[in-house]
Asks: 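Take this structure first; my questions come after.
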2 protein chains.
Amino acid sequence: MHGHQTISSGELAAQGGTTSAQVRKDLSFFGSFGKRGLGYSVSALSSSLREILGLGRQWNVVIVGAGKIGAALAQYEGFRDRGFKVVGVYDEDPARVGGTLDGVVVRDQRELESDIMKLKPHIALIAVPAEAAQTLVDRVVKAGVRAILNFAPTPLTVPEKVTLRSVNMALELEILSYALVNAGE
Amino acid sequence: MHGHQTISSGELAAQGGTTSAQVRKDLSFFGSFGKRGLGYSVSALSSSLREILGLGRQWNVVIVGAGKIGAALAQYEGFRDRGFKVVGVYDEDPARVGGTLDGVVVRDQRELESDIMKLKPHIALIAVPAEAAQTLVDRVVKAGVRAILNFAPTPLTVPEKVTLRSVNMALELEILSYALVNAGE
DNA sequence: GCGGGCTTGTGAATGATTTCACAAGGTAAC
DNA sequence: GTTACCTTGTGAAATCATTCACAAGCCCGC
Ligand SMILES: NC(=O)c1ccc[n+]([C@@H]2O[C@H](COP(=O)([O-])OP(=O)(O)OC[C@H]3O[C@@H](n4cnc5c(N)ncnc54)[C@H](O)[C@@H]3O)[C@@H](O)[C@H]2O)c1
Ligand SMILES: NC(=O)c1ccc[n+]([C@@H]2O[C@H](COP(=O)([O-])OP(=O)(O)OC[C@H]3O[C@@H](n4cnc5c(N)ncnc54)[C@H](O)[C@@H]3O)[C@@H](O)[C@H]2O)c1
């Protein structure tokens with residue numbers, strides 16, 4: 001941020017909107033990265049965290065559903081920049097299959113299982129309507145995917161060995177709605 | 001779900017992936033909605049919660065940034081279905097200004113302040129590049145918006161009276177990355 | 001090499017959240 | 001009406017998370 005070589009827990013806390021003690025406790029979970037009296041070396045901390053988070057390497061991603069949000073995700077530079085590479089996009093709509101999104105061709109969802117066996121993607125993004133989401137999750141899990149990020153606004157279940165996270169934007173708006181109704185109390 | 005008239009805390013918990021005690025404690029924060037021995041009336045609970053969350057009414061939303069994610073959000077039916085209406089979309093790119101997204105015309109970001117004063121939207125969605133996000137947040141706050149949902153992967157600050165929530169998809173992927181690296185330990 | 005000034009790493013204290021457990025109250029069958 | 005059975009609502013206990021506070025360690029100037 002300032003081009004400093006080193007940064008203190010207090011400065012990190014200010015940037016992240018938390019407290020210095022919190023930053024130190026969190027980092028101490030992984031080990032001791034700081035130097036007393038000085039703080040943390042920005043470059044050493046950054047590379048240690050990248051290592052710990054598994055960001056040194058490339059992760060391959062498939063996107064299921066090439067609609068509005070699926071297309072936006074497929075073309076999102078923020079993923080590529082961070083080492084997440086879209087290796088496949090799938091849809092059931094013949095009008096979308098065969099189209100191209102940021103260099104990746106949209107393929108028929110019937111190819112999903114065989115492609116996953118072949119490409120061995122690490123992560124699947126689920127961007128289909130809520131009604132179809134569980135079915136697609138079951139299919140990618142069966143084909144071997146162990147990490148899923150879901151955008152459909154519906155609860156999903158996965159086996160224990162699979163990590164599932166969900167982004168629920170409508171819920172976010174409902175939380176804002178509640179905050180607005182209860183503002184100034 | 002089953003067409004039941006009534007539902008127990010245990011069934012709600014199973015659906016939401018939590019525990020029955022948790023459901024009852026959470027609901028008790030707002031009042032007593034259940035009948036002992038029977039559970040909760042689905043319709044009464046649903047309308048009470050809609051009331052409490054402020055979902056009876058329509059909330060007007062402006063979207064700042066008509067790029068890939070902004071366009072997807074502008075056309076997202078899930079928002080309209082839940083009473084969130086997109087009343088304006090803004091961009092700085094002349095190639096996008098004047099275009100139409102789901103019936104809403106994209107307007108020049110220079111009109112942002114005057115439009116907000118006029119339309120009085122309740123919520124702003126920020127879908128511009130990270131570098132521009134804080135500036136746009138400051139502008140919509142100054143113009144009177146009290147609730148913001150941010151999609152740019154950057155920390156933002158707002159005055160205390162304003163509610164800010166952020167959706168950080170790259171962070172979600174990093175969490176999955178960490179889970180994959182530490183799988184089976 | 002020594003002392004002053006900073007900042008880490010971490011136990012202990014405090015605060016928040018979740019889980020437990022059960023009395024109170026309701027249903028329904030007979 | 002009585003009994004057998006459920007489920008809520010909620011204090012108390014247990015767990016989890018944050019904040020406090022400070023000894024230990026490191027840098028730097030002298
Ligand atoms: N658009 C948004 O901004 C947005 C935001 C948050 C969440 N979501 C959620 O993301 C999901 C997709 O939303 P969208 O707006 O992109 O809708 P969309 O209708 O534009 O896209 C859905 C796509 O999924 C495809 N599809 C349907 N069934 C399929 C199947 N079995 N296999 C493969 N593909 C299938 C459809 O052909 C379509 O292309 C929905 O669950 C929605 O609630 C969307
Ligand atoms: N595409 C995705 O799936 C995705 C997912 C998560 C987060 N995001 C984030 O959302 C933001 C937008 O991403 P995108 O992929 O839509 O990028 P994009 O480049 O497609 O869109 C950004 C838009 O913002 C406009 N813009 C730039 N400065 C502006 C200003 N001062 N006023 C008004 N408009 C302005 C640009 O003209 C462009 O149309 C980024 O911060 C990105 O990190 C995108």
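Residue numbers start from 1 in every chain, and the chains themselves are labelled A, B, ... in the order their sequence lines are given, proteins ahead of strands.
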Asks: Quick test of your reading: applying side chain to side chain donor-acceptor pair (under 3.5 Å), list the pairs with at least one residue in residues 64-76 of chain B, sequence neighbours left out, ordered by first then second residue.
Replies: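 Matches after skipping sequence neighbours: A:E77-B:K68.
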Asks: Measure from CG on A:L12 to C1' on C:dT7 and round the result to the nearest Å.
Replies: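 About 12 Å, once rounded to whole Å.
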Asks: Donor-acceptor pair, distance only, cut-off 3.5 Å: does the side chain of B:S177 make one with the backbone of A:G54?
Replies: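 Confirmed, B:S177 side chain pairs with A:G54 backbone.
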Asks: If I take atom CZ in residue A:F30 and atom P in nucleotide C:dT10, what distance separates them, rounded to the nearest angstrom?
Replies: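 After rounding, the gap between these two atoms is 14 Å.
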Asks: Would you indicate, yes or no, if C:dC6 has its OP1 or OP2 atom less than 4.0 angstrom from a side-chain nitrogen or oxygen of A:Y40?
Replies: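 Answer is no, no contact under 4.0 Å.
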Asks: Please identify each residue that fulfils ring pair (Phe, Tyr, Trp, His ring centres under 6.0 Å) with B:F151, with sequence neighbours left out.
Replies: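 For B:F151 there are no ring pair (Phe, Tyr, Trp, His ring centres under 6.0 Å) partners, ignoring immediate neighbours.
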Asks: Decide whether A:E11 and A:S8 meet the rule of one side-chain donor and one side-chain acceptor closer than 3.5 Å.
Replies: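 Checked: A:E11/A:S8 side chains pair up, N/O donor to acceptor below 3.5 Å.
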Asks: Does anything in residues 126-135 of chain B pair up under side chain to side chain donor-acceptor pair (under 3.5 Å), and if so which pairs, sequence neighbours excluded?
Replies: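 For residues 126-135 of chain B: B:Q134-B:D138.
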Asks: So, taking the atom named CD1 in A:I148 and the one named CD in B:E172, what distance separates them when rounded to the nearest 0.5 Å?
Replies: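 Interatomic distance, A:I148 CD1 to B:E172 CD, rounded to 0.5 Å: 13.5 Å.
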Asks: Taking all non-hydrogen atoms of both residues into account, name the closest pair between A:Y178 and B:F30 and its distance.
Replies: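 Shortest heavy-atom contact: OH-CE2, 3.6 Å.
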Asks: Just to be sure I understand the rule, does B:S9 reach a base, reach only the sugar-phosphate, or reach nothing, if contact means heavy atoms closer than 4.0 Å?
Replies: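 B:S9: backbone/sugar contact only, no base atoms under 4.0 Å.
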Asks: Look up atom CG in B:N60 and atom CD1 in B:I116, then write down how far apart they are to the nearest 0.5 Å.
Replies: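 Atom-to-atom, B:N60:CG and B:I116:CD1 are 12.0 Å apart.
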Asks: What donor-acceptor contacts under 3.5 angstrom involve side-chain atoms of residues 90-97 of chain A, with partners at least two apart or in another chain?
Replies:
| residue | atom | partner | partner atom | Å |
| --- | --- | --- | --- | --- |
| A:Y90 | OH | A:D115 | OD2 | 2.5 |
| A:D91 | OD1 | A:D93 | N | 2.9 |
| A:D91 | OD2 | A:A66 | N | 2.7 |
| A:D93 | OD1 | A:A95 | N | 2.9 |
| A:R96 | NH1 | A:A66 | O | 3.4 |

Asks: Would you tabulate the nitrogen or oxygen pairs shorter than 3.5 Å linking the protein to nucleotides 19-22 of chain C?
Replies:
| residue | atom | partner | partner atom | Å |
| --- | --- | --- | --- | --- |
| C:dT19 | OP2 | B:T19 | OG1 | 3.3 |
| C:dT19 | O4 | B:K25 | NZ | 3.4 |
| C:dA21 | N6 | B:R24 | NH2 | 3.2 |

Asks: Could you encode protein contacts along nucleotides 23-30 of chain D as a string, one character per nucleotide from 5' to 3', using B for base contact, S for sugar-phosphate-only contact and - for no contact, with a heavy-atom cut-off of under 4.0 Å?
Replies: -BBBS---
Asks: Measure from CG on B:L27 to C1' on D:dT8 and round the result to the nearest Å.
Replies: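 Rounded to the whole Å, the gap is 11 Å.
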Asks: Rounded to the nearest Å, what distance is computed from the CG atom of residue B:D26 to the C1' atom of nucleotide D:dT10?
Replies: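 In whole Å, D:dT10 C1' lies 13 Å from B:D26 CG.
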Asks: In whole Å, what is the span from the CG atom of A:L45 to the C1' atom of C:dT7?
Replies: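 Interatomic distance, CG of A:L45 to C1' of C:dT7: 14 Å.
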Asks: Rounded to whole Å, please give me the gap between CD1 in B:I7 and P in D:dC6.
Replies: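 About 18 Å, once rounded to whole Å.
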